[in-house]
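Convention: sequence-line order gives letters A, B, ...; per-chain numbering from 1. None of the values given here were measured: they were computed from a predicted structure.
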There are 2 protein chains.
Amino acid sequence: MEHLIPIGQFAAMTRLSAKALRLYDENGLLPPARVDPTTGYRYYRPDQVAPGRLIRLLRAADVPLAEIRALLAEPGVARLDAYVRDLEARHAGQARVLRYVRRMFDEEGAGAAMTHEVKAKEVAAQPYAGRSEVVSIARLEPFITESIRDLTARVTPVGPPFAVYHDPINDEADGRIEVGVPTAERQPDGDELPAGLVAYTVVEGAQTDYPEILGAYDAVADWAKRHGHELVGAPREIYLANAAGGEQARMEIAWPIR
Amino acid sequence: MEHLIPIGQFAAMTRLSAKALRLYDENGLLPPARVDPTTGYRYYRPDQVAPGRLIRLLRAADVPLAEIRALLAEPGVARLDAYVRDLEARHAGQARVLRYVRRMFDEEGAGAAMTHEVKAKEVAAQPYAGRSEVVSIARLEPFITESIRDLTARVTPVGPPFAVYHDPINDEADGRIEVGVPTAERQPDGDELPAGLVAYTVVEGAQTDYPEILGAYDAVADWAKRHGHELVGAPREIYLANAAGGEQARMEIAWPIR
DNA sequence: GCTTGACTCTGCCCCAAGGGCAGGCCCCAT
DNA sequence: ATGGGGCCTGCCCTTGGGGCAGAGTCAAGC
């Protein structure tokens, strides 16, 4: 109990503000060693300076308080590394989007090369074996590739695999996605893509990556609207070729219309 | 005035929420083409879809609305590039801090090698020629190097240049810094570092970079406190050697004490 | 023409992580 | 004991919306 430090001095030693320290008290991040029960004055121990400085460093790197609390509770390098990986992924995503916007700005004068040829076609009913799950944007790609691998091993595909997006999936919201491979006969536990009219376009190469792919979806939706159609149901991506074989990735975006 | 689109449809076309669209209206980012004066209903033109989608892309990259407004007002690639440079600098800063924290976590078990030897010494009064300015953290380094170059060209230095930090300078707040080179005689427009006791430590190499340098400041402040001294006035950095000459950077952190 | 269901409006409260201020105690040195 | 500075709580503000309540509106079916 010796050498208790009032909040002002402790703030100077940790370079945190008194206001921030009160907040960290409320949040249980760094509760003072003693709080005078009658006056409410906060007093800190000298050995709380080091955690305080650590919190300040992490806040300087914009680490959320919830993550800091977790790091303090479990002070291994593993959780920190996981956070850093996550952060780097977010940074990379931002950079990709900004590069795309830069190209949009650039090509505005030079005649936008980012157009998509959209057509309509009548498709027959197509039985398939599928798997459906609610996934986050981070789990999206792994889920698709793993599902295709598993399904292809289980049934004999009679066409390229596809994914149906039942909900929008983005940074804020998870959503349901269904991955399927078409089969000749209807499977016992399988479903069927209904017959009907679809608007579609084919994209390849860099156009198949996010955020470029959004342009293709927009083009299909715009085309349908301009031609007096109405979008019905969920859009699907049909994976005609992936980039693994040294070729370019190629996929069809198809959206049922009426 | 043909084909005006109510907010719900426009939201679907741009993948923005109606709530966000109302906010962008208030902020002047994307005001609807028409607002019914009696009902308050918002109606958009089809040619507002493209700007709406652009805003959504930029928001997905976490660009602040104020910056988006500026980008829309001045749609060149220059402003966007400036933003991206700024963003990358921030990302790099976060990564540096997190690498530092990672080393702290790592060395916690293996005996922290991040200690500083602090001593006290009596210094004589030192006249100098100096320049003072309120700078942001981004302008800090350029101001120091430019000031040293200019001052060294103007007077004959009798010792290594230094910087006095009158305020804390960090991401949130600018602060006053003074850069000086010591001179033999007091200059007409010059000032003088007062004689007195200082606590100091010498750091070199990677220790001279942010955020590692914070450890040296903390060590000096802690040492002063533990030895019953009081910090008075502003700390200074004395640039004993910089990294340009193939050598390691080396600097002294000195803080007047009583 | 009327009803109904879907759409839209404004206004309020909420999140993170504090900054800033007001009004009121409290602590310590003289 | 009396200052002056330190500290307390509580309230409003920021960014970029999400969510809800209650009320008003639009369009389609009957």
Side-chain angles (χ1 to χ4, degrees), chain A residues 4-44 52 55-71 90 94 167-168 170-175 230, chain B residues 4-44 52 55-71 90 94 167-168 170-175 230:
Chain A
L4 285 179
I5 307 165
I7 200 170
Q9 263 191 61
F10 190 77
M13 294 169 74
T14 53
R15 293 185 174 79
L16 290 162
S17 73
K19 189 69 173 272
L21 286 170
R22 292 191 193 106
L23 183 68
Y24 301 160
D25 178 11
E26 273 181 38
N27 289 5
L29 253 185
L30 189 63
R34 196 173 87 86
V35 178
D36 189 306
T38 71
T39 70
Y41 273 40
R42 292 171 179 82
Y43 296 95
Y44 295 84
I55 293 175
R56 190 183 129 80
L57 274 177
L58 291 170
R59 282 302 302 144
D62 224 35
V63 179
L65 293 190
E67 181 67 26
I68 296 181
R69 184 167 33 234
L71 284 170
R90 277 205 305 280
Q94 291 184 11
D167 304 311
N170 50 49
D171 302 307
E172 295 92 42
D174 301 353
E230 192 188 342
Chain B
L4 284 179
I5 307 163
I7 201 169
Q9 265 192 58
F10 191 78
M13 294 169 74
T14 54
R15 296 186 173 78
L16 291 161
S17 73
K19 189 68 173 273
L21 286 170
R22 294 192 191 105
L23 183 69
Y24 301 159
D25 178 11
E26 274 181 36
N27 289 5
L29 253 186
L30 188 63
R34 196 173 88 85
V35 178
D36 190 306
T38 70
T39 69
Y41 273 39
R42 294 172 179 81
Y43 297 95
Y44 295 84
I55 293 175
R56 189 182 128 81
L57 274 178
L58 292 169
R59 282 302 303 145
D62 221 37
V63 179
L65 293 189
E67 181 68 25
I68 296 180
R69 183 165 38 235
L71 285 170
R90 277 204 305 280
Q94 292 184 11
D167 304 309
N170 49 48
D171 303 306
E172 295 92 45
D174 300 355
E230 191 187 343

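- The distance from atom CD1 of A:Ile5 to atom P of C:dC28 is 15 Å, rounded to the nearest whole Å.
- At whole-Å resolution of the value, CG in B:Leu30 and P in D:dG17 are 13 Å apart.
- Between the OH atom of A:Tyr24 and the P atom of C:dA16 there is a distance of 13 Å, rounded to whole Å.
- Residue A:Gly40 is the one, among B:Thr39 and A:Gly40, whose nearest nucleotide of DNA chain D lies closer to the 5' end (criterion: closest heavy atom).
- The shortest side-chain heavy-atom distance between B:Phe10 and B:Leu21 falls under the 4.5 Å cut-off.
- Put simply, the side chain of B:Lys19 and the base of D:dG18 share a donor and an acceptor less than 3.5 Å apart.
- Using a 4.0 Å heavy-atom criterion, one finds that A:Phe10 contacts no nucleic acid atom at all.
- Residue A:Ala66 is the one, among A:Tyr43 and A:Ala66, whose nearest nucleotide of DNA chain C lies closer to the 5' end (criterion: closest heavy atom).
- To the nearest angstrom, P of C:dC12 lies 15 Å from CZ of B:Arg22.
- The side chain of A:Arg42 contributes no N or O atom lying less than 4.0 Å from OP1 or OP2 of C:dC26.
- Contact between A:Arg56 and A:Thr14 at its shortest, heavy atoms only, is CD-O, 3.1 Å.
- Distances shorter than 4.0 Å separate some side-chain N or O of B:Arg59 from OP1 or OP2 on D:dG17.
- Without hydrogens or angle criteria, A:Asn27 side chain to A:Leu29 main chain gives no donor-acceptor distance under 3.5 Å.
- For the pair A:Glu26 CD and D:dG10 C1', the interatomic distance rounds to 11 Å; values are reported in whole Å.
- The base of C:dC27 has none of its N or O atoms less than 3.5 Å from a complementary donor or acceptor on the side chain of A:Tyr41.
- The distance from atom CZ of A:Arg34 to atom C1' of D:dC7 is 14 Å, rounded to the nearest whole Å.
- Comparing A:Asp36 and A:Leu23 by the nucleotide of DNA chain C that holds the closest heavy atom to each, the one mapping nearer the 5' end is A:Leu23.
- Atom CG in B:Asp25 sits about 13 Å away from atom C1' in C:dT10, given to the nearest Å.
- The backbone N or O of B:Gln94 lies less than 3.5 Å from no partner atom in the side chain of B:Arg90, so there is not a single donor-acceptor pair.
- Rounded to an integer number of Å, the gap from A:Gln9 CD to C:dC27 C1' is 13 Å.
- Judged purely by atom type and a 3.5 angstrom limit, A:Arg59 uses its side chain to pair as donor or acceptor with the backbone of A:Val63.
- Put simply, B:Ser17 has no side-chain N or O that comes within less than 4.0 Å of OP1 or OP2 on D:dG17.
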